[in-house]
Enquirer: 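Quick one: structure below, then a few questions.
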Amino acid sequence: NMGVQRPPSTPPGFERGPDQGKRMQRDRERQAEAAAREAAFQAWRKDSEPRYREWLERQRMQRNLEVQRQAIVEEKRRQAREQQRQYGVAAMRECVEGEKARRREQAQRARKEMRRREEKAEEARHRAVRLQNEELMRRHRQHADALAYAVRIYKAMCLEELRIRVPLAH
């Protein structure tokens, strides 16, 4: 077991030795300092507590005042809005009659316009139908003419062939 180090049985800094008395002395001094600090803090707190309470109270009062002021402003605003609304309602009421008349007139105009459009559409439809019929007739005639022409040619060819095949005595 070479090179294996055992941990010391006491943590470092706590070995019993010639300086142990000094360490205890230092601990006592530290404790005394801490106690003195605590006492000073308590004294300061006792002294400044009433002032702190007073300051808190002042803050609270200021907040309350602010809230009241806010409430007053809000109320004024609300009243102004309500008044505006009432003015608006009155104005609307005045406006509505004229609006109704105008709307009636508008509706009449719209109906007239609609009728005119419908008539125009109807006319256009009729025209389209007429044109379509004319076109159909034209095509029909064309086809009929073409057919007649074809028939005539066919007949002529047949006759020609007959004339070739059956020479008639002149």
Enquirer: Drop me the distance from Cys158's SG to Arg163's CZ, to the nearest 0.5 angstrom.
Expert: 13.5 Å
Enquirer: Among residues two or more places apart or on two chains, list those pairs meeting salt bridge (Lys or Arg N to Asp or Glu O under 4.0 Å) that have a residue in residues 77-88.
Expert: Glu74-Arg77, Glu75-Arg78, Glu82-Arg85
Enquirer: Does anything in residues 32-46 pair up under salt bridge (Lys or Arg N to Asp or Glu O under 4.0 Å), and if so which pairs, sequence neighbours excluded?
Expert: Arg45-Glu49
Enquirer: Any side-chain heavy atom of Arg60 sitting closer than 4.5 Å to one from Asn64?
Expert: yes
Enquirer: Are Gln106 and Arg103 close enough, and set up right, to give a side-chain contact (heavy atoms from CB on, under 4.5 Å), and what steps lead you there?
Expert: CA-CA 5 Å; Gln106 216 173 0; Arg103 220 174 267 146; 4.3 Å; yes
Enquirer: What pairs with Glu118 under side-chain hydrogen bond (donor to acceptor under 3.5 Å, both in side chains), at least two apart in sequence or on another chain?
Expert: none
Enquirer: With sequence neighbours excluded, tell me which residues meet side-chain hydrogen bond (donor to acceptor under 3.5 Å, both in side chains) with Arg115.
Expert: none
Enquirer: I need the Arg152 CZ to Asp145 CG distance, nearest 0.5 Å.
Expert: 9.0 Å
Enquirer: Once you round to the nearest 0.5 Å, how far does CG of Leu147 lie from NE2 of His140?
Expert: 10.0 Å
Enquirer: Less than 3.5 Å apart, which donor and acceptor atoms pair up between the side chains of residues 121-135 and the rest of the protein, not counting sequence neighbours?
Expert:
from, atom 1, to, atom 2, distance (Å)
Glu122, OE1, Arg125, NH2, 2.3
Glu135, OE1, Arg138, NE, 3.4
Glu135, OE1, Arg138, NH2, 3.4
Glu135, OE2, Arg138, NH2, 2.9

Enquirer: Under a 4.5 Å cut-off applied to non-hydrogen side-chain atoms, are Gln108 and Lys112 in contact?
Expert: no
Enquirer: With side-chain contact (heavy atoms from CB on, under 4.5 Å) as the test, would you mind laying out the steps for Gln70 and Glu66 before giving the verdict?
Expert: CA-CA 6 Å; Gln70 228 19 56; Glu66 183 59 29; 3.8 Å; yes
Enquirer: Consider only side-chain heavy atoms of I, L, V, M, F, W and Y, link residues closer than 4.5 Å, and tell whether Val96 and Tyr87 are in one cluster.
Expert: no
Enquirer: To the closest 0.5 Å, what do you measure between CD (Glu94) and CD (Glu99)?
Expert: 14.0 Å
Enquirer: Could you pull out all residues at least two apart from Glu113 that satisfy side-chain hydrogen bond (donor to acceptor under 3.5 Å, both in side chains)?
Expert: Arg116
